[in-house]
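For reference, the structure is listed below as structure tokens.
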Amino acid sequence: MSEIWVLVDKAQDTVRNVTYEVLSAASKLKEKNGATVCAVYVGDNSGAIEADLGKYGAEKFYKIENPALKDFNPSLYAAALSEVIKKHNPDIVLGGNTLQNQDFLPRVASRTAAGLCLDAIDVDMSSSSTLQVKRYKYSGKSIATISFHDVKPMIATVRLNAFKPTEGSASAEVVSESVDLPSDENYKVIETKIIPKERPELTEADKIVSGGRGMANGENFKVVYDLADSLGAGAGASRAAVDSGWVPYEMQVGQTGKVVSPNLYVAVGISGSVQHYAGMGSSKVIVAINKDPDAPIFQKCDYGICGDLFDVLPALTDEIKKLG
Amino acid sequence: MKILVIVRQTPDTEAKIQANSSGNGIQTDDIKWILNPFDEFAVEEAVQIKEKTGAEVVVLTVGAERSVDAIRTSLAMGGDSGVHIKDDSFADMDSFALGKVIGSKIKSLGDIDLILAGKKWIDEESSQVPIQVAEELDIPQATLATKVEVDEGSKTVKVTSVIEGGEEIRELKLPAVVTVEQGINEPRYASLPGIMKAKKKPCEEVGVDGINSDEIGIAADALGSAGSRVKTDNIEIPTISRSLKVLEGNDVQQASAELAKLLREEAKII
Ligand SMILES: Cc1cc2nc3c(=O)[nH]c(=O)nc-3n(C[C@H](O)[C@H](O)[C@H](O)COP(=O)(O)OP(=O)(O)OC[C@H]3O[C@@H](n4cnc5c(N)ncnc54)[C@H](O)[C@@H]3O)c2cc1C
């Protein structure tokens, strides 16, 4: 029986939503090839998550647990997953396009002589039962359809927010896999600093408010943060704002910043350059606030207000709060 | 110490992208080509290490005839020599094949201590090739570096990497692969004398008249699309179709109320 594997992403004790999104992508493929959808955990301790995984479509749950997998180490994670792939020969391995998956799945692909596509926005099966994905190329300026040669496994990551989780009623049969891992003398984690965030991570956020050169300085970003907080949104920026030193680089959205695709993207005092659009053009709804009626962003947004952002933002924040 | 930087030639960020007549690639006639913006940071980092330690910097690319310009730009920034794997006769390799090709070439070069690369190629939107090279060479990797400190004595590199939600400091035994984050440094502009000098720096060409597998160290069938695992069937240029409802902001309170209502009732997004 052929299998489609979905990598489990966990934050502390809970399964992250992206896992359910990818399970939903796997269920779409299952409709085409009738494969068994399996969740796969790689780490030191999965906890009891099989019920949650089952609820979102996993019929089987492979646990690859080993104390050496406590800290993320791309080589060891790749070694562990590759060994179990070689044992069970899944047709397809999917994961969320998280930094961790981007970091170790390329090694898995080379080890298992597999094809690899990162950041798919859609997945499908060709008639010959090979995986086909759609993904952006050329900085969001084009969408490529990419098909895998008929070589197993076929590995892909799926962009966050690209699929909606679908609840089902499978119950996942647990299969524990033990792997022998050599100790890795070549790679040591010295320190991990998790910097507490006041707002959602941009690549995961469902809504984002970003400020650009129109903000004029760093303090003024307060109005962006206020609007973001009224929406429960993440806060981003254009490169002009980052290069001016008003906000840190991790807030940059665009071709050379983060690529995001939230349901709502609000661009404030941002002109809408090709390079900025490359990072947010796939957002579901784009709102622009700009005082220049000829700003290019007004040609590529869904809604907008033409006005001074320092008047509009407080008023808009008010109105959002009123809606509750 | 010897550093190798993997670079890529990409279309300029402003370039208009159009599908070619076969539909699975892009029209290249009017495109201005540049050194991948993220690779500038990798070259700069290598040159800064060279300035501190006297390391030698080799710049490698895989690409058509024209991609030698990406090497020349890197040499003008301070690199010492180039390796140009000319893939005219075996183009369209996926990251699996590229990992093998670049990996075997590096093996045959021998004494490379550190491999640097930009975090992403802006054309393929691909970040995986340097990692697949690391796997081919069976050496460690750290991606998204915001700080790289080489210790020649202990033959290690300490890398501060961006991770989800924060950062992590890792110590890797050399040789190792490190991809760098934008902003790790301030890439220098190639000076005119630098550009003149770059023209005279050595650049090894591999695969000039088709490929001789000895030159690369892997069999010919591991190259090109035969050696690949995925292929691009089709390229589409999405048309922007947005509703473009722009409200006049003379009365901001009214415009804001209207926008909030549209987002709730029409877009159903808040
Ligand atoms: C290789 C390369 C990579 C790049 N990568 C990125 C990237 O990743 N991300 C990115 O964003 N850019 C990137 N850029 C830069 C990009 O080309 C633009 O320069 C940048 O996006 C402009 O930012 P901006 O829209 O904030 O500023 P501007 O283009 O200056 O626009 C500011 C806007 O604010 C409006 N405004 C001013 N004051 C007010 C006010 N009081 N109220 C309302 N509106 C106001 C103005 O009308 C204007 O439209 C890149 C460029 C290059 C060459």
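Order of the sequence lines sets the chain letters (A, B, ...), proteins ahead of strands, with each chain counted from 1.
- Between A:Lys141 and B:Glu125, no side-chain nitrogen of the basic residue sits less than 4.0 Å from a carboxylate oxygen of the acidic one, so the salt-bridge criterion is not met.
- Most heavy-atom pairs under 4.5 Å with chain A, from the set B:Val252, B:Asp94, B:Ile163: that is B:Val252.
- Ranked by non-hydrogen atom pairs under 4.5 Å with chain A, the options B:Gly165, B:Ala255, B:Gly249, B:Gly166 are led by B:Gly165.
- Per-residue counts of heavy-atom pairs under 4.5 Å with chain A were compared for B:Glu248, B:Lys16, B:Glu124; the largest is that of B:Glu124.
- For a residue to count as touching a neighbouring chain, one of its non-hydrogen atoms must lie under 4.5 Å from one of that chain's; by this rule A:Lys207 touches chain B with the side chain only.
- One finds no salt bridge joining B:Glu266 and B:Lys268 here, because no Lys/Arg side-chain nitrogen approaches an Asp/Glu carboxylate oxygen to under 4.0 Å.
- With a 4.5 Å cut-off on non-hydrogen atoms, A:Val133 does not touch chain B at all.
- Counting non-hydrogen atoms of other residues, nucleotides and ligands closer than 6.0 Å to CD of A:Glu191 gives a total above 12.
- With a 4.5 angstrom heavy-atom cutoff, A:Asn290 does not touch chain B via any of its atoms.
- For A:Val151, the part sitting under 4.5 Å from any heavy atom of chain B is the side chain, from C-beta outward, and nothing else.
- If you check the side chains of B:Gln9 and B:Arg66, you find a donor sitting under 3.5 Å from an acceptor.
- Residue A:Ala113 touches chain B through both its backbone and its side chain, counting heavy-atom pairs closer than 4.5 Å.
- With a 4.5 Å cut-off on non-hydrogen atoms, B:Ile139 touches chain A through its backbone but not through its side chain.
- When each of A:Ala144, A:Ser142, A:Cys301 is scored by its heavy-atom pairs under 4.5 Å with chain B, the top score falls to A:Cys301.
- Judged by the 6.0 Å and 45° rule, A:Lys300 forms a cation-pi pair with A:Tyr277.
- In the model, B:Asp233 has no side-chain atom that pairs as donor or acceptor with a side-chain atom of B:Asn24 under 3.5 Å.
- Here the options are B:Ile184, B:Leu172, B:Asn185, the test is side-chain contact (heavy atoms from CB on, under 4.5 Å), and the partner is B:Val148; only B:Ile184 passes.
- The nearest pair of heavy atoms linking A:Thr256 to B:Phe38 is CA-CZ, 3.3 Å.
- With a 4.5 angstrom heavy-atom cutoff, A:Lys197 touches chain B only via side-chain atoms.
- Within residues 150-162 of chain B, the residues that have a heavy atom under 4.5 Å from a heavy atom of chain A are B:Val162, listed by number.
- Annotation: the span from A:Leu131 atom CG to A:Ile155 atom CD1 amounts to 10.5 Å, rounded to 0.5 Å.
- The part of A:Gln100 that comes within reach of chain B is its backbone (N, CA, C, O), which places non-hydrogen atoms under 4.5 angstrom from that chain.
- Heavy atoms of B:Glu181 lying under 4.5 Å from chain A belong exclusively to its side chain.
- Counting heavy-atom pairs under 4.5 Å between each of B:Lys100, B:Gln18, B:Glu168, B:Arg264 and chain A puts B:Glu168 at the top.
- Residue A:Val108: no heavy atom, backbone or side chain, is found under 4.5 Å from chain B.
- Side-chain atoms of B:Gln141 and A:Arg107 form a donor-acceptor pair, as typed in the model, at a separation below 3.5 Å.
- The most heavy-atom pairs under 4.5 Å with chain B, out of A:Pro314, A:Gly115, A:Gly307, come from A:Gly115.
- Residue A:Gln255 touches chain B through both its backbone and its side chain, counting heavy-atom pairs closer than 4.5 Å.
- A:Ile194 touches chain B through backbone and side chain together, each having a heavy atom under 4.5 Å away.
- Put simply, of B:Asn250, B:Ile122, B:Leu262, B:Ile237, the one with the most heavy-atom pairs under 4.5 Å next to chain A is B:Ile122.
- With no hydrogens or angles considered, no side-chain donor-acceptor pair links A:Gln132 and A:Ser147 at under 3.5 Å.
- Heavy-atom neighbours of B:Asp92 CG from other residues, nucleotides or ligands within 6.0 Å: at or below the threshold of 12.
- For A:Ser273, no part sits under 4.5 Å from any heavy atom of chain B, backbone or side chain.
- Contacts between A:Val274 and chain B at a heavy-atom distance below 4.5 Å involve the side chain alone, from C-beta outward.
- Ranked by non-hydrogen atom pairs under 4.5 Å with chain A, the options B:Ile235, B:Thr232, B:Leu174, B:Thr13 are led by B:Thr13.
- In this structure, the portions of A:Ile286 lying under 4.5 Å from any heavy atom of chain B include both its backbone and its side chain.
- For B:Ala134, the parts lying under 4.5 angstrom from a heavy atom of chain A are both the backbone and the side chain.
- Environment of CD in B:Gln254: sparse, with no more than 12 heavy atoms of neighbouring residues, nucleotides or ligands closer than 6.0 Å.
- Using a 4.5 Å cut-off between heavy atoms, A:Gln275 touches chain B through its side chain atoms alone.
- For B:Glu167, the parts sitting under 4.5 Å from any heavy atom of chain A are the backbone and the side chain alike.
- A side-chain N or O of A:Thr145 and one of A:Lys134 form a donor-acceptor pair less than 3.5 Å apart.
- If you check the side chains of A:Asp103 and B:Thr143, you find a donor sitting under 3.5 Å from an acceptor.
- Salt bridge status for A:Lys322 with A:Glu319: present, with a side-chain N to carboxylate O gap under 4.0 Å.
- Ion pairing between a basic and an acidic side chain is recognised when a charged N comes within 4.0 Å of a carboxylate O; B:Glu44 and B:Arg188 show such pairing.
- Ion pairing of B:Arg8 with B:Asp123 is present here, as a side-chain N (NZ or NE/NH1/NH2) and a carboxylate O approach within less than 4.0 Å.
- A salt bridge links A:Asp119 with A:Arg159: at least one charged nitrogen is closer than 4.0 Å to a carboxylate oxygen.
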